[in-house]
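Single-structure report; data block below.
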Amino acid sequence: MAACDAENNIAVVGKEEVMMGREMQWLRIDSYYSGDLDNPTTLSQPVMCQHCEQAPCEVVCPVAATVHSAEGLNDMVYNRCVGTRFCANNCPYKVRHFNFYQYQDTETPIIGLRHNPDVTVRSRGVMEKCSYCVQRINEARIEAKKEARDIRDGEVVTACQQACPTQAIVFGNINDHNSQVYKLKQQSQNYGLLAELNTRPRTTYLTKVTNPKSEIKQGDA
Amino acid sequence: MQYQETRRTPAEVLAEPVLGSVQTYEQITDRIASIVLTDKIQLGWLVALTIAMSMLGMMGVSLLGLFYWGVGVWGLNNRVDWGFDIINLVWWIGIGHAGTLISAILLIFRQEWRTSINRFAEAMTLFAVACAGIYPTFHTGRPWLDWWLGPVPGVSTGMWPNFRSPLVWDVFAISTYASVSILFWYVGLVPDLATLRDRAKNKYIKVIYGLFALGWRGSAMHWKRYNTAYTILAGLSMPLVFSVHTVISFDFATSQVPGWHVTIFPPYFVAGAVFAGFAMVLTLAIPLRHVYGLQDFITMRHINNMAKIMLATGIFVVYGYFLELFFGWYSGNEYEMALTYNRLFGPYAWSFWALIFCNGVVPQLLWSTRVRSNEVVLFGIANVVSVGMWLERFVIIPVSLTRTFLPASWGWYFPTRWELSLFFGSIGLFLTMFFLFIRVLPMISIFEVRELAHHKMHEH
């Protein structure tokens, strides 16, 4: 989450705003608990924009400020956003975050040095969300174009993927059948979050394989 | 000629004719025009206007704060992105509907009893639409760019607005509604403006009314063309009664939020709008007829008819609430069932039960002739219905958003003082416009009432 904040110039909004439910984190970790109340098992699920193929946010935006790119990203066009917030209401994952105030300091020159120069600093009144680190994709694309080739699998590494110590996040081209992400998606434990809504999310998850009956040991069969 | 209050049974009270003891054209014109043309400024009116205008001032302050700091001054958050702003938009637009219904639909169906209430009901429509317009305009993050929602490609974003978005449909629906309503109201005023021009003693007032009367002389040719134009406009307004709130309901019905995604919304919103609108017409008509001594024009017959419409539309609306709950259960969909449970027993359940009380239980009193003939009770019921209709939108809009699909994204919503002050401010705007209207324009259509008297005379 910290890597995401730093990479994407995410505003720090302060305690009061977080208490109001206005945190700006593009990536959040949902925790689910199961089992005994005193000693529950914690299950964590990172949730960011799912980049749905049939995105509920896109149809409802009156000014087409959130649209699909040819590569399948759900893009957010900040300078076209008027701020009706309909997209956030219609998002089943609630991963869209609104700039209720001018959270970013754009006046003090030294603050500008803190920002990632490849990412737009959002102003008051616009919606924002995970972009799959589109700036890193663009960077890789430019490099690939210079060498007149396609982007290689694993060339684009998102900030969260780079920072994750257990390598739980994989990013790549799902049209490329040799990519790691394509192969992982073919596994039977692959699922989409709230896929029953027919949003066809591109971000998918692999179910954690556990052994709920601990008395069955490996090799017992 | 003073209105005689005698002891009568409720049935007798309700059997009053649509036109009371005024008989001649002269009397009708005198009674209505004198309210406007008098030089005296009544103290009561002045006090009422002052209160209304101070509430309007509150709106100014609320909008300035909103503009200066941003939408953050409201209690919205990343779970609940719409609250008071959209509740009040829908509430005000709904109130407007009765005016159009009375003026257009009842005109086309030749319901003569509409004549003495249509003018101020139409004015109410316009003012309510103006109040409603404040909300979508200022609730956006960057209101100075709102015009990008309009069909002005090339100069705004370099492209057309997204025609798939219900918000773009709203822009068309509301702006059409506002412009047709203004036109219809103004065209209806022209012969009366000419009457006022002819009767005004003061030279300047004469010129002002004369300008707006567009040279109306009342020739047979004028009247013939006038009737054609007025009927065409009524025909144009008629579908608007149904379309505007239907389109508004699409904001919710086409989304996929449980509690919004409900297919019965269009008819149920329209019925709710007429219900709320008649409640507001009664709220205005009952004091008006007493303060201005208009009991001969707005008779108990009118009040009775309006109460009956309120009762009928109220039943439609309650049927809608029932079906919403039924569908939630019958769908078998766990999200819909959870929503239904949350609505009935969740943390905001008080608002649902208050809604059932206001819109379901209280209006049932209207079955009784005694209640319908008692203006004080009717006034109370009309206000309870207005509160109920407000609660309906509260239950639908923010409460549904507090419990969406993932428990991790459940939230809450409380309005801040900025939202409350903007709401009171919009009531102030409505009242200010209404008080100014009753002072400068005839609140009852003079020529149509004369026409009514004409029919009445020739019946005998």
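Only this structure's heavy atoms are used, side chains among them; waters, hydrogens and symmetry mates stay out. Computed from a predicted model, the values in this text were never measured in an experiment.
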#### Entry: Which atoms of Arg96(A) approach chain B - backbone, side chain, both or neither, heavy atom under 4.5 Å
backbone
### Spacing of CG belonging to Leu193(A) relative to CZ belonging to Phe405(B), to within rounding of 0.5 Å
11.0 Å
### Query
Could you go step by step and tell me if Trp82(B) and Phe86(A) meet the ring pair (Phe, Tyr, Trp, His ring centres under 6.0 Å) rule?
CA-CA 8 Å; Trp82(B) 284 352; Phe86(A) 201 167; 4.7 Å; yes
### Message
For Glu23(A), is there any backbone N or O sitting under 3.5 Å from a side-chain donor or acceptor partner on Asn78(B)?
### Response
yes
### Query
Where does Leu76(B) contact chain A at under 4.5 Å (heavy atoms): side chain, backbone, both or neither?
both
#### Entry: Polar side-chain atom of Asn162(B) near backbone of Val59(A) as donor-acceptor pair, under 3.5 Å
yes
### Query
So what's closer than 4.5 Å to chain A heavy atoms on Phe252(B): side chain, backbone, both or neither?
neither
### Query
Does Arg85(A) reach the main-chain N or O of His139(B) with its side chain, forming a donor-acceptor pair under 3.5 Å?
yes
### Task
Heavy-atom distances under 4.5 Å only: say whether Tyr335(B) touches chain A with side chain, backbone, both or neither.
side chain
### Message
Quick check on Trp169(B) against chain A: is it the side chain, the backbone, both or neither that has a heavy atom closer than 4.5 Å?
### Response
neither
### Residue Ser123(A) versus chain B: region with a heavy atom under 4.5 Å
side chain
### Backbone N/O of Val60(A) and side chain of Arg164(B): donor-acceptor pair under 3.5 Å
no
### Task
Check whether Pro56(A) gets within reach of chain B through its side chain, its backbone, both or neither, counting any heavy atom under 4.5 Å.
side chain
### Query
Side chain, backbone, both or neither: which part of Thr404(B) has an atom under 4.5 Å from a heavy atom of chain A?
side chain
### Message
With a sphere of 6.0 Å drawn around CD of Gln45(A), does it hold more than 12 non-hydrogen atoms of other residues, nucleotides or ligands?
### Response
yes
### Query
So among Leu149(B), Asp170(B), Val171(B), which one has a side-chain contact (heavy atoms from CB on, under 4.5 Å) with Pro62(A)?
Leu149(B)
### Donor-acceptor contact below 3.5 Å, side chain Arg142(B) vs main chain Asn79(A)
yes
### Interface moiety of Leu66(B) toward chain A, non-hydrogen atoms closer than 4.5 Å
backbone
### Donor-acceptor under 3.5 Å (Asn90(A) side chain, Gln256(B) main chain)
yes
### Message
Assess whether a salt bridge exists between Asp81(B) and Lys94(A), defined as any Lys/Arg side-chain N lying under 4.0 Å from an Asp/Glu carboxylate O.
### Response
no
